[in-house]
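Notes to accompany the following structure.
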Amino acid sequence: MRPGSGPGKIEIVVNSGNRETRIAVLEDGQLMEYRVEREERIVGSIFKGIVQNVLPGMDAAFVDIGLERNAFLYVADIIPEDLNDSSPASVRRSELRRRKIKELIKPGQELMVQVTKGPRGTKGARVTTRISLPGRYVVLMPEGNHVGVSRKIDDRKERDRLRKLSDKLVPPGFGIILRTECEGRTESELRADVQFLQQLWAQVLESAKRLRAPAVVHRDQTLLYRTIRDVFGDVIDRMVIDDPEEYEKVSLVAAMVAPKLRERIFLYDREEPIFDHYGIEKDLDRLLEHKVPLPGGGSLVIDETEALTAIDVNTGKQVGNTSLSDTILRANLEAADEVCRQLRLRDMGGIIVIDFIDMDDAADRKKLTTQFEKLLARDRARTRVGKISSLGLIEITRKRTGESVTEAITSLCPMCEGRGRIASTDTVSLWIEREMRRRIHEQGDAFSVECHPAVVECLIGSDGQEIEDLEHELQRGLYIRANFDFGFEDFEIESGSMDDFDRKHMGFRRAQVLECNVRSSALESQNKAIGWTDGGYYVELLDGLEHVGNRVKVVLQDIRRAFAVADVILAGR
């Protein structure tokens, strides 16, 4: 999204909840980007790690930073103490590639590293010792002397002005990069940003001294804060947030980092859910689809794999009314629009191959390439585009630092062993929560929910905390029951009164003895056993791991609408 290259109106819509934050970017009302955050971000965080293995044959090392898998550190991403950082970056990197990794680090050594690429699939995170701290206007690089200006600033006079300013701003012993947002900014604005980042680096060093490796010494900011820092600029017309507390926080942050933009932040306070109001939810329903329809009758078929993404363009019902070449060109130009949208929307990265319909005319191929590059110019991610091959293929690379959106909101399907994807249990549980909010004005003071047992666990949460919070938020009683015949994405919700649902679902009493089937928790973070009654009632067993796979007798200790707590007293015969 660069000034002058984007559409007329750009809006950021924020849906903030207890368990996730969702952010959508709309261009002229069309959903173009979508990000979701459900847990703490790894990329950009700084860790104090311990070198575990040094592999000379790979010119790399593996570093324990406290995550599930060791992080990967390449030789060119290590700054040795004896290397002069004042030389050009290309010279430094070529010199580092010639260095032997055994000369730079050794097993057991402690290092401070920053995650540049998050874990993905079977791969651990990628890290570097080249620490960088991004601010609103500048990126501060401790232990470096490099000064740079964003390539996206095209005006030569402005680049010269910023370079002169950077010589005044850069602190001794630091490097600095002036970001695109620096364009037109005053010296005082940039200096305040540099001073803030210097203070942040001092805090990082203090944490590193205090903490024992492996440990995190600095966590990158939340998705909403990063959106304010990295996206919310002059080209954004408005930001709308549906949570009053987050609205106040964002307003305070904007007042510090971008005071002129504070008046563009609005609180959404209507009863209709914000993503429903803006029509975003309908687009998200189609986000997981393998086939994307095009307005002219054609379609895209998208296949994401760990190594690359393949996008196939089909004409479908698009027959045109002039010549065949004109029909093919129009179909390809239309497909290019949607491909560029899907790249941003799904946040696809790595190698992407687009199979356009073959075109014989060189002029037509030039038109397609020009259109494609023009559309990619709006993408904030760094992209490189190859030429159209003789087979009609365009190969591009797009930089992404973590999971794609598809990976973030789905899990591998156990039925097809990873050949396809389904919505994760977290995602389905959030679907159920949003559906209950939509139906909150229906008659009654309770909801009865029937869904897959793994989704029941997500809704109830650890020690019942999630379901308790949700009951307080909705101010309704919630009766959650498992249906073992349901698929992961199946659920049914019924509105009614607590009196009726008590009679239907709550035929239990304290100290009652009953039988249930014991299964391991479906949640990876939970190491416990769950008892399920024949009616799908969730029974948390205080000591049931040894009985997994058996039918046992239990005595109820505590009874709630959605779940119970019990002790195992006798294994069933």
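Scanning for ring-ring contact (aromatic ring centres under 6.0 Å, His included) contacts around H452 gives F488, with sequence neighbours left out. With sequence neighbours left out, the side-chain contact (heavy atoms from CB on, under 4.5 Å) criterion links Q109 to V51, I105, K106, L111. For Y34, there are no ring-ring contact (aromatic ring centres under 6.0 Å, His included) partners at least two apart in sequence or on another chain. R159 is linked by a side-chain hydrogen bond (donor to acceptor under 3.5 Å, both in side chains) to nothing, counting only residues two or more places apart in sequence or in another chain. When the side-chain contact (heavy atoms from CB on, under 4.5 Å) test is applied to D303, the partners found at least two apart in sequence or on another chain are H290, V301. Residues passing the ring-ring contact (aromatic ring centres under 6.0 Å, His included) test with F447, sequence neighbours excluded: none. S429 pairs by the side-chain hydrogen bond (donor to acceptor under 3.5 Å, both in side chains) definition with R19, not counting sequence neighbours. Judged as a side-chain hydrogen bond (donor to acceptor under 3.5 Å, both in side chains), and not counting sequence neighbours, E246 has no contacts. For E189, the side-chain hydrogen bond (donor to acceptor under 3.5 Å, both in side chains) criterion is met by T186, not counting sequence neighbours. In terms of the salt bridge (charged side-chain N to carboxylate O under 4.0 Å, His left out) criterion, residue partners of E473 (sequence neighbours excluded) are, by chain and number, R437. Among residues two or more places apart in sequence or in another chain, the salt bridge (charged side-chain N to carboxylate O under 4.0 Å, His left out) test is passed with R163 by none. Here F275 pairs with nothing under the ring-ring contact (aromatic ring centres under 6.0 Å, His included) rule; sequence neighbours left out.
Using a 4.5 Å heavy-atom cutoff, the side chains of F491 and V428 are in contact. For the pair H277/R270, a side-chain contact is recorded, criterion being any heavy-atom separation below 4.5 Å from C-beta on. In this structure, I65 and K48 have side chains that are not in contact, with every pair of non-hydrogen atoms separated by 4.5 Å or more. Looking at F266 and R238, their side chains come closer than 4.5 Å, going by heavy atoms from C-beta outward. V113 places none of its side-chain heavy atoms less than 4.5 Å from the side chain of T128. Contact of the C182 side chain with the V149 side chain is not registered, since no non-hydrogen atoms from C-beta on lie closer than 4.5 Å. Proximity of M112 to I46: side-chain heavy atoms (C-beta onward) are separated by under 4.5 Å at one or more points. At least one side-chain heavy atom of K528 sits less than 4.5 Å from a side-chain heavy atom of E540.
Of the options L308, T383, I311, I302, a side-chain contact (heavy atoms from CB on, under 4.5 Å) to I352 is made by I311 and by none of the others.
Between the CG atom in L178 and the CG atom in L165 there is a gap of 8.0 Å [rounded to 0.5 Å]. Put simply, NZ on K374 and SG on C340 are 12.0 Å apart, with the number rounded to the nearest 0.5 Å. In this structure, N53 CG and D64 CG are separated by 10.0 Å, a value rounded to the nearest 0.5 Å. In this structure, the separation between NZ on K282 and CG on L31 is 13.5 Å, given to the nearest 0.5 Å. For the atom pair Q198 CD and Q203 CD, the distance stands at 12.5 Å (nearest 0.5 Å). For the atom pair I432 CD1 and T427 OG1, the distance stands at 11.5 Å (nearest 0.5 Å).
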Next on the checklist: Checking E442 against R476 for the salt bridge (charged side-chain N to carboxylate O under 4.0 Å, His left out) test, could you report, in this order, the C-alpha distance in whole Å, the side-chain angles of both residues, the deciding distance, and whether it holds?
Outcome noted: CA-CA 11 Å; E442 292 183 4; R476 287 204 175 197; 5.8 Å; no

Checklist entry - Can you list the steps and then say if Q199 with Q195 is a side-chain hydrogen bond (donor to acceptor under 3.5 Å, both in side chains)? => result CA-CA 6 Å; Q199 293 171 3; Q195 290 172 348; over 6 Å; no

Next on the checklist: Between E457 and T425, does the side-chain hydrogen bond (donor to acceptor under 3.5 Å, both in side chains) criterion hold? Intermediate values first, please.
Outcome noted: CA-CA 9 Å; E457 287 194 53; T425 52; over 6 Å; no

Checklist entry - Are E27 and R344 close enough, and set up right, to give a salt bridge (charged side-chain N to carboxylate O under 4.0 Å, His left out), and what steps lead you there? => result CA-CA 12 Å; E27 296 184 0; R344 295 171 57 188; 2.7 Å; yes

Item to check | Steps toward salt bridge (charged side-chain N to carboxylate O under 4.0 Å, His left out) verdict (R438, E435) | outcome: CA-CA 5 Å; R438 293 188 186 99; E435 183 63 24; 3.3 Å; yes

Next on the checklist: Please evaluate residues D379 and R398 with respect to the criterion salt bridge (charged side-chain N to carboxylate O under 4.0 Å, His left out), reporting the C-alpha separation (whole Å), side-chain torsions for both, the decisive distance (0.1 Å), and the verdict.
Outcome noted: CA-CA 10 Å; D379 195 341; R398 185 176 186 272; 2.7 Å; yes

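E489 places a side-chain N or O within donor-acceptor distance of the main-chain N or O of A423, the cut-off being under 3.5 Å. K399 places no side-chain N or O within donor-acceptor distance of the main-chain N or O of R382, the cut-off being under 3.5 Å. The backbone N or O of I351 lies less than 3.5 Å from no partner atom in the side chain of T397, so there is not a single donor-acceptor pair. In this structure, D193 contributes its side chain and Y137 its backbone to a donor-acceptor pair below 3.5 Å. Side-chain atoms of D242 come within 3.5 Å of backbone N or O of S16 as a donor-acceptor pair. When atom types are taken as modelled, the side chain of T116 and the backbone of R126 share a donor-acceptor pair closer than 3.5 angstrom. Using a distance-only test at 3.5 Å, with no hydrogens or angles considered, a donor-acceptor pair links the side chain of R136 to the main chain of I228. With hydrogens and angles ignored, the 3.5 Å screen pairs no side-chain donor or acceptor of E33 with any backbone N or O of V25. Side-chain atoms of R264 come within 3.5 Å of backbone N or O of I236 as a donor-acceptor pair. Between the E37 side chain and the T21 main chain, no donor and acceptor come within less than 3.5 Å of each other.
L197 and G135 get closest at one heavy-atom pair: CD1-N, 3.8 Å. The shortest non-hydrogen separation linking R346 to E289 is NH2-O, 3.0 Å. Residues S166 and V147 approach most closely at OG-CG1, 3.0 Å, considering heavy atoms. The two residues G66 and P214 come nearest to each other via the heavy atoms N-CB, 3.5 Å. When every heavy atom of T129 is checked against every heavy atom of L73, the shortest pair comes out as N-CD1, 4.3 Å. Between T180 and S150, the shortest heavy-atom distance links the atoms OG1-OG, 2.9 Å.
At a cut-off of 3.5 Å, with distance as the only test, no side-chain donor of H218 or Q114 sits close to an acceptor on the other residue.
Note on ring orientation: taking the six-membered ring where Trp is involved, the planes of Y278 and Y268 are tilted (angle from 30° to 60°).
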